[in-house]
**Student:** 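I'd like to ask some things about the structure below.
Whatever order the structure lists them in is the order used to number ligands and atoms, beginning at 1.
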Amino acid sequence: MRILGIESSCDETSASIVEDGVRILSNEIASQIDIHARYGGVVPEVASRQHLLAIIPIVRQAMDKALTGWHDIDAIAVTNGPGLAGSLLVGVSAAKAVALARGIKLIGINHLEAHIYANWLGKTIPEFPLLCLIVSGGHTDLVLMKDHGAYTLLGKTLDDAAGEAFDKAARILGLGYPGGPAIDKAARNGTPCIELPYSWLPGTLDFSFSGIKTALYRLVENNKISNPSDAAASFQKAIVAILVAKTISAAEECGVKQILVSGGVASNSLLREQLVRKSPVPVLIPEPLLCTDNAAMVAACGYFRLITGAQDGLNLDVIPTLKLL
Ligand code: KG4
Ligand code: ZN
C-alpha cells in the first residue's frame, strides 16, 4: 500500500510517500526555521502563509522523488491535530482536495501518534509491549503501548514540555532559535558544572521542567553565568537525567520489551547516548531527520490505522487541541 503523508502542524511543510508503513520512497521537508528565527519562535500567522506557499510544490516534489503518479497512491494520511489551527488547515485542505479530485482514501492522523510511528521506519521492527517517550516542543509524555492503537498514559509534564524548556533556556542564554539544537551544540564545548534544582516529582512518572528553567533565568539575571556553554551543558544534563531516570523506571515497572523515543528532542545527542547506555531493554530512536516533524511518520501511522479499516470522510476537520489520550 502506497500512502501520501502530509504534515503541516507547526513550522515544517512536509510530504512523503511510504510503502506498507515501513519503506520511505520520499520524504520532502520545507522548513520555515530561518523565517521564524528572527522572532525567536513560531509566529502562527506567518507559518500558515508559508505553508500555503510550500504545500503544492512539496507534494509534487515528494511524488516526483518517489517516481509515483496519482494512480499509484492508495491513500492520503494528513496530520489534523494537535498543532496551530491555520497551519493544520493548509495540510488538511490540500489532502481533502486531492482525495476528492482523485477519489483517493483519506485519513486524519494525530501528530503525536505519528511521532511514535517514526520508529516503524527504521531497521528494527518494534515489538509490543513498548514504552514510548514522546519528547517534542509541545509534549513530554510516557505512554505504554500494548499493541497498534492501544495506549495508556503513564506520565506527562505538569508545565513546560522538554523541547519548550530547551527553547526557553536557549533564549535566556542568548543561544538562538531553535533552542534544542543550539543547547545541544553549545553543551559540547561546556562542562556541566553549574548546580540547578532537579525536580524529580518522586512517586510519579510526571515531569516538571519550569523550575530548572527559572533557576537558570535567575542565575543569568544575577550575572552568575560567565560561560554560556557550561550553562547549556548543565541544563541539558538536568533535563536528560530526569527523562532517562523516569523512562527507565516506567520500563521496569511495566515490563516492556523495548523503549521507543520520538519527537524533536529525541535528536538530542546526550539523551540518545544516555538512554541507550542505561536502559535494561533495547531502545529504538529514529534517525534525527525522522525525530523532528516530517510526513513520513504521518504516512507510516496512516498505514497502521488504515489496515484496521479506519478512514475519514471529506468532513475531516482540524483539531488544534487533539490529544492522544
Ligand atoms: O517534534 P518537533 O519537531 O515539533 C513538535 O511537534 O513540537 O520538536 C521540536 C522541538 C523544539 O522544541 C526543538 O528545540 C527540540 O524539538 N529539539 C531538540 C533538539 N532538536 C530539536 N531539543 C534538544 N536537542 C536537540 N538536538
Ligand atoms: Zn512534532
**Student:** Is it true that Asp74 and Lys105 have a side-chain N and a carboxylate O under 4.0 angstrom from each other?
**Tutor:**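 Looking at Lys105 together with Asp74, the answer is no, because their closest N to O distance does not fall below 4.0 Å.
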**Student:** Counting from 1, what ligand 1 atoms have a heavy atom of Gly163 closer than 4.0 Å?
**Tutor:** 12 (O)
**Student:** Out of Gly180, Gly179, Ala161, Ala114, who is nearest to atom 22 (N) of ligand 1 when you count heavy atoms only?
**Tutor:** Gly180
**Student:** To 10 degrees, how wide is the angle NE2 (His111) to the Zn ion (ligand 2) to OD1 (Asp293)?
**Tutor:** 100°
**Student:** Do the charged groups of Arg188 and Asp184 touch, with an N to O distance under 4.0 Å?
**Tutor:**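 Salt bridge between Arg188 and Asp184, a charged N being under 4.0 Å from a carboxylate O: yes.
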**Student:** Of all heavy-atom pairs between Ser14 and Ile29, which one has the smallest distance, and what is that distance?
**Tutor:** OG-CG1, 3.6 Å
**Student:** Only heavy atoms of Thr292, strictly under 4.0 Å: list the atoms of ligand 1 that pass.
**Tutor:**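 Within the 4.0 Å cut-off of Thr292, ligand 1 contributes 3 (O).
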**Student:** With a 6.0 Å cut-off on the ring centroids, do Phe207 and His139 count as close?
**Tutor:** no
**Student:** Between Ala30 and Ala54, which heavy-atom pair has the shortest distance, and what is it?
**Tutor:** CB-CB, 4.1 Å
**Student:** Does some non-hydrogen atom of Glu12 fall short of 4.0 Å from ligand 1?
**Tutor:** no
**Student:** What atoms of ligand 1 come closer than 4.0 angstrom to any heavy atom of Asp184?
**Tutor:**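 Taking each heavy atom of Asp184 in turn, ligand 1 has 24 (N), 25 (C), 26 (N) under 4.0 Å.
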**Student:** Quick check against the 3.5 Å criterion: does Lys96 have a side-chain atom that pairs as donor or acceptor with the backbone of Leu314?
**Tutor:** yes
**Student:** Out of Gly263, Gly264, Ser31, Cys291, who is nearest to atom 16 (O) of ligand 1 when you count heavy atoms only?
**Tutor:**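 The residue whose heavy atom sits nearest atom 16 (O) of ligand 1 is Gly264.
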**Student:** Give the residue, atom name and distance (to 0.1 Å) of the protein heavy atom nearest atom 10 (C) of ligand 1.
**Tutor:**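 Among all protein heavy atoms, the one nearest atom 10 (C) of ligand 1 is Gly137 N, 3.5 Å.
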**Student:** My understanding is that we take every heavy atom of each candidate and find the minimum distance to atom 14 (O) of ligand 1. Doing that for Asp167, Asn268, Ile239, Leu271, which one comes out nearest?
**Tutor:** Asp167
**Student:** Give a yes/no answer: is there an N/O/S atom of His115 under 2.8 Å from the Zn ion (ligand 2)?
**Tutor:** yes
**Student:** Closest non-hydrogen protein atom to atom 6 (O) of ligand 1, residue and atom name please, with distance?
**Tutor:** His111 NE2, 3.1 Å
**Student:** Out of Asp293, Ile183, Val135, whose heavy atom is nearest to atom 2 (P) of ligand 1?
**Tutor:**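 The nearest heavy atom belongs to Asp293.
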**Student:** Fit a plane to each ring of Trp120 and Phe128, take the angle between them on a 0 to 90° scale, and name the class: parallel (under 30°), tilted (30 to 60°) or perpendicular (over 60°).
**Tutor:** tilted
**Student:** Does atom CZ of Arg2 have more than 12 heavy-atom neighbours, drawn from other residues, nucleotides or ligands, at distances under 6.0 Å?
**Tutor:** yes
**Student:** Contact between Gly138 and ligand 1, counting heavy atoms under 4.0 Å?
**Tutor:** yes
**Student:** Take atom CD1 of Ile56 as the centre, draw a 6.0 Å sphere, and report whether it contains more than 12 heavy atoms from other residues, nucleotides or ligands.
**Tutor:**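 No - once you tally the heavy atoms of other residues, nucleotides and ligands closer than 6.0 Å, there are 12 at most.
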**Student:** List ligand 1 atoms under 4.0 Å from His115, heavy atoms only on the residue side.
**Tutor:**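 What qualifies from ligand 1 is 1 (O), 6 (O).
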**Student:** Where is the nearest protein heavy atom to atom 20 (N) of ligand 1: which residue, which atom, and how far?
**Tutor:** Ser267 OG, 3.3 Å
**Student:** Verify the neighbour count for atom OH of Tyr217: are there more than 12 heavy atoms of other residues, nucleotides or ligands below 6.0 Å?
**Tutor:** no
